[in-house]
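Step one of this worksheet: look at the structure below.
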Amino acid sequence: DSQRCNISVNENGKAISVESFQTESGYDKLFVNGEAFSGSSGPAGKHPSTGRPITWTSDYSVASPGWKICLTATPTEAPTTTQPAAPTTTVTMPPTEDQDEQFCSSHCLAAGYCCNDYTVGSNQMISCAQACMMRARGSNYEEMGTDHNGTCKRDGQSGCGLEVNGNSYSFCQRCMDLQDSCPFGVQSSEACDFGARLNPPSANPEQAPTMPPIDAPGAGAW
């Protein structure tokens, strides 16, 4: 005989699981939320509404095994955990000797000194650029200044070479950047004193001279 029944749904939010489903296709139908299911296609995963019953209808002609369905709770998704961002690390690279050389050359030139290639010296005295590079390589003003009887205290008879902190410097060449303020290259120990007061990038800031700077030739106080 023809059959019809309604199944009320009392729990919302649950999905249908199908344990078995085999009806006469096209004639025996199970309606979930108004959608018809028949044959071997069951309503697996459908969420029936509490305000709308599940309806079963069948005719009298062919008897099939039928169906068995259940309501199961919808699995809740595990909460996503946001991992804290890895801390960023800033790496500060130490100054290079090229940076020291450019600093010394430009500052000594701007102050009016000659022999601003520290690899070339003249008059057996230490140039501004050479003194500045000595600062970059670890020397301080107290070791160098003429007022401390330091390395800068030289004259035209002091010799053509000197080793400071493991680095060699020469003082008997002809500089290529001569100008009116220094026609003979390194004019006096004043050039060395000025370079010894500079603070190139590699110089230890704790060794920076604290006394007032001297006057450069042709320039104001540095």
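Quick caveat, the model's predicted, so the values are computed rather than measured. By convention here, the first residue in the shown sequence is residue 1.
- Side chain of Thr96 to main chain of Gln99: a donor-acceptor pair is present (N/O by atom type, distance under 3.5 Å, no hydrogens or angles).
- Proximity of a side-chain donor or acceptor of Asn123 to a complementary backbone N or O of Cys172 within less than 3.5 Å is not detected.
- Looking at heavy atoms from C-beta onward, Gln173 lies out of side-chain contact with Ser122 at the 4.5 angstrom threshold.
- Phe171 and Val186 end up in different hydrophobic clusters when Ile, Leu, Val, Met, Phe, Trp and Tyr side chains are linked at under 4.5 Å.
- In this structure, Leu30 and Trp67 have side chains that are in contact, with non-hydrogen atoms separated by less than 4.5 Å.
- Interatomic distance, Thr119 OG1 to Gln130 CD, rounded to the nearest 0.5 Å: 8.0 Å.
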Q: With ring-ring contact (aromatic ring centres under 6.0 Å, His included) as the test, would you mind laying out the steps for Phe37 and Phe21 before giving the verdict?
A: CA-CA 9 Å; Phe37 297 89; Phe21 198 93; 7.1 Å; no
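- Applying the disulfide (SG to SG under 2.5 Å) test to pairs two or more places apart or on separate chains, those with a residue in residues 121-151 are Cys104-Cys132, Cys108-Cys128.
- Using a 4.5 Å heavy-atom threshold, the side chains of Glu97 and Arg137 count as touching.
- Proximity of a side-chain donor or acceptor of Ser127 to a complementary backbone N or O of Gly121 within less than 3.5 Å is not detected.
- Applying the side-chain contact (heavy atoms from CB on, under 4.5 Å) test to Lys29 and every residue at least two apart in sequence or in another chain returns Phe31, Ala36, Ser38, Thr57.
- The same ILVMFWY cluster, assembled from side-chain heavy atoms under 4.5 Å apart, contains both Val18 and Trp56.
- By the criterion of side-chain heavy atoms lying less than 4.5 angstrom apart, applied directly or through intervening Ile, Leu, Val, Met, Phe, Trp or Tyr residues, Tyr113 is grouped together with Leu198 in one hydrophobic cluster.
- In this model, no donor atom of one side chain and acceptor atom of the other lie less than 3.5 Å apart for Asn140 and Arg135.
- Using a distance-only test at 3.5 Å, with no hydrogens or angles considered, a donor-acceptor pair links the side chain of Asp100 to the main chain of Ser202.
- Under a hydrophobic clustering in which Ile, Leu, Val, Met, Phe, Trp and Tyr are joined whenever their side-chain heavy atoms come within less than 4.5 Å, directly or via other members, Ile7 and Val9 fall into the same cluster.
- The closest donor-acceptor contact from the side chain of Gln22 to the backbone of Pro65 lies at 3.5 Å or more, if one exists at all.
- Counting only heavy atoms from C-beta outward, the side chains of Ile126 and Tyr169 never approach each other to under 4.5 Å.
- Val32 places a side-chain heavy atom less than 4.5 Å from the side chain of Ile16.
- Panel note: side chain Ser105, backbone Gln102; no donor-acceptor pair is recorded below 3.5 Å.
- Side-chain contact between Met93 and Val91 is present, with at least one heavy-atom pair separated by less than 4.5 Å.
- Side-chain atoms of Ser188 come within 3.5 Å of backbone atoms of Glu190 as a donor-acceptor pair (strictly under, hydrogens ignored).
- Here the straight-line distance linking atom CD of Glu143 with atom NE2 of His148 works out to 10.5 Å at 0.5 Å rounding.
- Taken from CZ in Arg197 to OH in Tyr141, the straight-line distance is 3.5 Å, to the nearest 0.5 Å.
- Counted by atom type alone, Asn33 and Ser49 present zero donor-acceptor pairs between their side chains at under 3.5 Å.
- Not one N or O on the side chain of Ser17 forms a donor-acceptor pair closer than 3.5 Å with the backbone of Thr72.
- No continuous path of ILVMFWY side-chain contacts below 4.5 Å connects Phe103 to Leu109, so the two sit in separate hydrophobic clusters.
- Looking at heavy atoms from C-beta onward, Arg154 lies in side-chain contact with Leu162 at the 4.5 angstrom threshold.
- The SG atoms of Cys115 and Cys175 sit under 2.5 Å apart.
- Two residues are said to be in side-chain contact when any heavy atoms from C-beta on lie closer than 4.5 Å; Asp59 and Asp28 meet this criterion.
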